[in-house]
Amino acid sequence: MLKKIVFVFFIFLITATAQDKILIYMDLEQTDHLKAYGITFHALTEGLIADWLLNYRGGSFLIDYSNKIAAECRIENVSFDIVNTSQSAEIYSICQSEDNNMDVVRLEKAPKIAVYVPPGFAPWDDAVTLALEYAKVPYDKLWNDEILRGDLSEYDWLHLHHEDFTGQYGKFYASFSSAQWYIDQQMMYEQNAKKNGYKKVSSMMLDVALIIKNYIAQGGFLFAMCSAADSYDIALAAHSTDICAQMYDGDAADPDAQTKLDFFNSLAFTDFDLEMNPFVYEYSNIDIQPQEIGSAQNDYFTLFEFSAKYDPVPTMLTQNHANVVHGFMGQTTMFRKNLVKPSVIILAERQGTDQVKYIHGSFGRGTFTFYGGHDPEDYQHAVGDPPTELNLYKSSPGYRLILNNILFPAAKKKKQKT
Amino acid sequence: MGDMNNRFMLAQSFEQAGEFQKAMEILEELIKRQPDNYQFFDALNRMYINLKKYDKSAVLIEQRLNKNPHDLNLWGMLGSTYHVMGNEPKAFEIWDEALIKLPRNQINYKVIANFALQRRAFEKAIEYLLAGKKLSGDPKMFSYDLGNIYSLTMRYKDAAEEYSGIISSDPNQLRMVESRIMAYINKPGALEPTLKVFQSRVDKNNISSVYMLARLYIDAKDYEKAFELYLDIDAKQQNQGTELFNFAQIAFSEKQFKAASQAFNKIIELYPKSPLASNAKLGYAKTLEASLDEEYKTRVPSWKTFYPPVKISSGKVDLVIDAYNNIIGLYPHSEQAYEAYWRLGRMKHFMQNDLPGAEKYFNIIISESPLSIFYPDALLDLAGVELIKGNVDAAEKYYFKVVETKRSPVEKRNKANYALAKIFFARGNFIKAKELLVGVISNLKDNQANDAIELSLLMNTQMNDSSKLVLFGEAELLAEGNRFEGALDKYKIIAEDDKSLMLAALAKLRIAEMEIALDEYRGALLSLADIAKEENENIYADKALYLSAKVYEFGTKDLVKAIEMYEKLLAKFPSSLYLDEARESIIKLRKTT
């Protein structure tokens with residue numbers, strides 16, 4: 001009889017534990033916001049159920065209790081609470097109440113992530129890979145060969161950083177044409193183009209851009225930062241003309257390139273003017289110039305607030321513990337508002353200006369998100385600067401926006417409320 | 001003419017403004033008026049290229065070429081026009097034709113190769129340069145260009161062959177070749193083929209070729225082979241060890257102590273009268289010591305708070321001692337000699353546990369050279385020796401000397417002041433002890449500041465129980481003097497007293513630490529478990545868990561248990577100071593288990 005009582009009690013204990021949940025709160029009390037995303041990602045790979053509590057304590061995560069995940073949180077210094085059934089029911093009811101701009105989004109499966117980078121790339125060249133490495137989120141590296149042979153279909157999410165899809169090598173010519181890294185980079189691209197059967201790097205890059213566009217149309221998620229965003233869109237718009245000067249592709253640019261731009265083919269921007277001077281470090285007027293931004297002390301952008309229940313996607317992408325975020329420069333820092341297509345959602349902007357930092361749109365069955373700037377925690381990252389030590393920026397709101405993007409493809413699609 | 005100049009300037013302005021069409025129209029009009037004007041021709045051709053009017057460019061160049069069939073530049077330009085329009089075979093045909101039709105001249109090959117290079121037709125440029133090289137009496141003129149293109153196109157073996165050829169024909173080109181090779185040698189896949197080429201082509205009679213190979217061996221971290229070659233170079237150069245000395249310094253900075261000591265030793269052996277001999281001797285001794293130190297560090301159980309002296313009986317110790325004694329004998333009363341005494345003293349103390357031996361060396365510095373920069377170090381170390389011997393008064397005297405010596409650096413004075421505070425603390429003179437700690441605490445950047453704050457706190461909170469405080473101070477001195485059993489007895493007495501909470505808690509921790517020092521791991525784990533059980537009642541509970549994990553990790557080598565303890569620490573004490581170390585240890589141990 002005593003054995004039976006002990007057994008029943010034991011069962012009761014186990015059941016109670018199994019119904020508990022781990023609440024990874026994401027407000028200012030969180031000790032490591034960035035690693036919290038990695039933990040949630042790992043929970044999904046472990047097959048655990050995870051919910052994203054939009055706008056609840058900074059966009060928290062509620063995960064089925066597991067000793068392993070709890071231990072991971074402790075090891076990675078991610079703060080969490082263990083909540084019992086009634087506490088989690090209360091949290092759900094708060095989130096789902098019509099009185100609160102909150103909602104619950106169930107995360108289904110960890111997305112398969114690819115990052116578009118050239119060979120020999122170091123993670124610290126790129127804020128996204130820095131964040132992925134720091135949060136311990138696995139990713140594969142792809143470059144032109146893989147994209148051209150169709151490997152993209154194996155991935156749910158693709159990130160592009162500051163690669164130049166126009167084939168102008170970042171338009172660094174005026175400052176760096178004699179620098180060894182520039183010479184090597186040009187050589188690498190040329191050899192890659194030759195290997196793939198292209199006479200010009202710009203032709204290869206256009207094909208890569210078109211394949212990526214098709215990937216989005218088929219349901220892929222694209223996230224681009226810095227100059228990848230505008231150079232990608234410019235390349236798409238310039239598909240029927242030549243915008244590269246002789247030093248970039250061996251022949252002169254088409255003098256009528258501007259009039260031949262096809263804005264129907266671009267994703268996010270329209271009616272922009274190209275910068276045709278090959279010595280000017282700029283592709284077009286999409287990018288906001290440093291003199292328009294003014295001093296670094298005043299450079300902040302504001303995240304828009306969306307209706308969690310009616311606009312869950314932009315809400316997911318803007319989850320943060322801070323609504324006003326310090327700006328940061330890049331080869332492309334921000335986008336000019338009047339050049340953003342009306343169908344594109346602006347997620348963050350510098351209030352009172354025409355400068356937008358963070359945009360999102362749909363194409364076909366997929367989506368794209370563009371985020372201006374190079375490194376959210378290095379205001380003016382220059383070529384050769386040391387990498388950002390993310391250990392020092394565990395709660396970076398700017399980096400959080402990047403990581404929102406990797407979990408958003410994991411969300412279970414809900415029927416849109418009407 | 002003035003009007004034409006103005007028109008030309010206007011065309012140039014249009015060109016600069018990107019208005020190529022307008023510039024072209026003006027230039028077409030000008031070239032009709034002056035068909036032989038090269039400036040007009042060149043500018044018009046540029047406009048045609050900019051406007052992608054390649055047929056017009058070809059006609060323009062051909063017209064001029066008909067008049068000047070020996071103008072190599074025009075041939076080059078015509079080929080370029082065909083190349084830019086995408087007709088690569090025609091471009092190559094024109095360039096080839098130019099080299100056949102014009103007089104055979106090595107310069108022509110170089111010029112046409114440059115046109116090919118500008119078009120980034122690397123293979124064709126290589127073909128022209130190779131042909132020019134064959135024709136030339138001075139192959140290096142082509143080999144540098146070839147080496148450059150090969151390295152750019154990642155054909156490192158070919159590049160190495162060109163550069164090796166340059167050195168073979170002209171050894172004076174070594175520095176230039178070295179700088180070219182070093183510019184790309186760290187790129188993936190560059191070192192191995194380059195090394196192979198230089199290995200196969202090394203010429204013992206050509207010192208430059210040997211030097212280049214040695215340099216590549218250093219890059220490949222093959223210091224043994226590099227050393228052999230440097231020996232050879234030095235003998236042939238008759239530089240009294242200069243090359244070997246440079247090599248030894250590179251090896252030392254790369255922590256290749258064996259190779260560095262070999263090289264220093266060889267200088268001493270081969271060139272005893274060289275001006276570099278004294279530096280080589282010091283370098284040799286320091287290299288041996290650095291190597292010994294690496295070995296010593298692996299034997300010291302630095303995870304323990306306290307541990308008995310670790311003697312090292314390696315034959316290397318005698319080698320280092322001999323090397324320092326050699327310096328002392330050759331350069332008596334020099335700063336190098338006093339540094340040697342100090343290093344010998346520390347070796348005797350820490351590596352050999354030979355306290356009288358250590359005292360002897362420290363005393364030489366103290367009695368002979370109060371102005372030496374090693375004087376305060378010798379005093380501090382001597383005081384440490386006296387403490388171990390139980391001569392607290394003698395230690396006090398030396399510590400005071402450090403404080404009183406104006407030349408003592410601040411951090412050394414702080415160290416002495418902290419040690420003095422502990423002595424006065426053990427004597428029950430808390431006022432004096434606190435007075436000494438004030439200076440240390442005021443400099444928070446100092447390494448001693450944390451310990452000083454802790455000691456000060458202990459005195460402030462436990463002043464009402466001075467007898468236990470004194471006992472604790474005595475135990476601390478004993479522990480520091482490596483008399484762990486004696487210290488253990490005293491800590492046990494303090495721990496039994498429940499009234500002095502903080503002191504008792506610290507004493508309990510010290511008991512475990514003494515047990516660990518004495519390798520009594522079972523007892524230590526029990527003591528630590530008792531402390532950890534007290535959780536929030538004992539401020540050292542988190543440290544107890546941390547130390548338990550360390551005992552499992554390094555003492556009993558039960559890694560699974562170690563991970564369990566670290567995880568327990570993370571779960572129970574989320575604000576502990578030891579969290580970061582615990583996290584790192586878990587990650588490290590998970591990889592090994």
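None of the values given here were measured: they were computed from a predicted structure. Letters A, B, ... are given to chains in the order of the sequence lines, protein chains preceding strands, and every chain is numbered from 1.
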Quiz item: Has B:Glu192 got more than 12 heavy atoms of other residues, nucleotides or ligands less than 6.0 Å from its CD?
Solution: no
Quiz item: Does B:Lys52 NZ have over 12 foreign heavy atoms under 6.0 Å away?
Solution: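 Buried by this count: over 12 neighbours within 6.0 Å.
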Quiz item: Among residues 249-258 of chain A, which ones touch chain B with a heavy-atom distance under 4.5 Å?
Solution: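 Under the 4.5 Å heavy-atom cut-off, A:Gly250, A:Asp251, A:Ala252, A:Ala253, A:Asp254, A:Pro255 qualify.
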Quiz item: Given that the side chain runs from C-beta out, which part of A:Asp184 has a heavy atom under 4.5 Å from chain B: side chain, backbone, both or neither?
Solution: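 It is the side chain, since no backbone atom gets that close.
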Practice problem: Answer with side chain, backbone, both or neither: which region of A:Asn277 has an atom nearer than 4.5 Å to a non-hydrogen atom of chain B? | Solution: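 No part of it gets close to chain B.
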Practice problem: Show your reasoning for whether ring pair (Phe, Tyr, Trp, His ring centres under 6.0 Å) applies to A:Phe61 and A:Tyr37. | Solution: CA-CA 9 Å; A:Phe61 301 106; A:Tyr37 287 89; 5.5 Å; yes
Quiz item: Angle class for the A:His321/A:His33 ring planes (parallel below 30°, perpendicular above 60°, tilted otherwise)?
Solution: parallel
Quiz prompt | Charged tip of B:Arg64 within 45° of B:Phe41 ring normal and under 6.0 Å | solution =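 Judged by the rule, B:Arg64 and B:Phe41 form a cation-pi pair.
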Quiz prompt | Most contacts with chain B, counted as non-hydrogen pairs under 4.5 angstrom, among A:Gln246, A:Gln186, A:Gln191 | solution =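 Heavy-atom pair counts peak at A:Gln186.
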Quiz item: Taking A:Met247, A:Met276, A:Glu76, A:Lys199 one by one, which has the highest count of heavy-atom pairs under 4.5 Å against chain B?
Solution: A:Glu76
Practice problem: Any pair with a residue in residues 275-286 of chain A that passes salt bridge (Lys or Arg N to Asp or Glu O under 4.0 Å), sequence neighbours left out, goes on the list, sorted by first then second residue, please. | Solution: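 Checked against salt bridge (Lys or Arg N to Asp or Glu O under 4.0 Å) - neighbours excluded - no pair reaches residues 275-286 of chain A.
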Quiz item: So B:Tyr578 and B:Tyr546, ring pair (Phe, Tyr, Trp, His ring centres under 6.0 Å) or not? Walk me through it.
Solution: CA-CA 7 Å; B:Tyr578 304 100; B:Tyr546 177 71; 4.7 Å; yes
Quiz prompt | Result of checking B:Glu28, B:Lys56, B:Lys53 against B:Tyr48 for side-chain hydrogen bond (donor to acceptor under 3.5 Å, both in side chains) | solution = B:Glu28
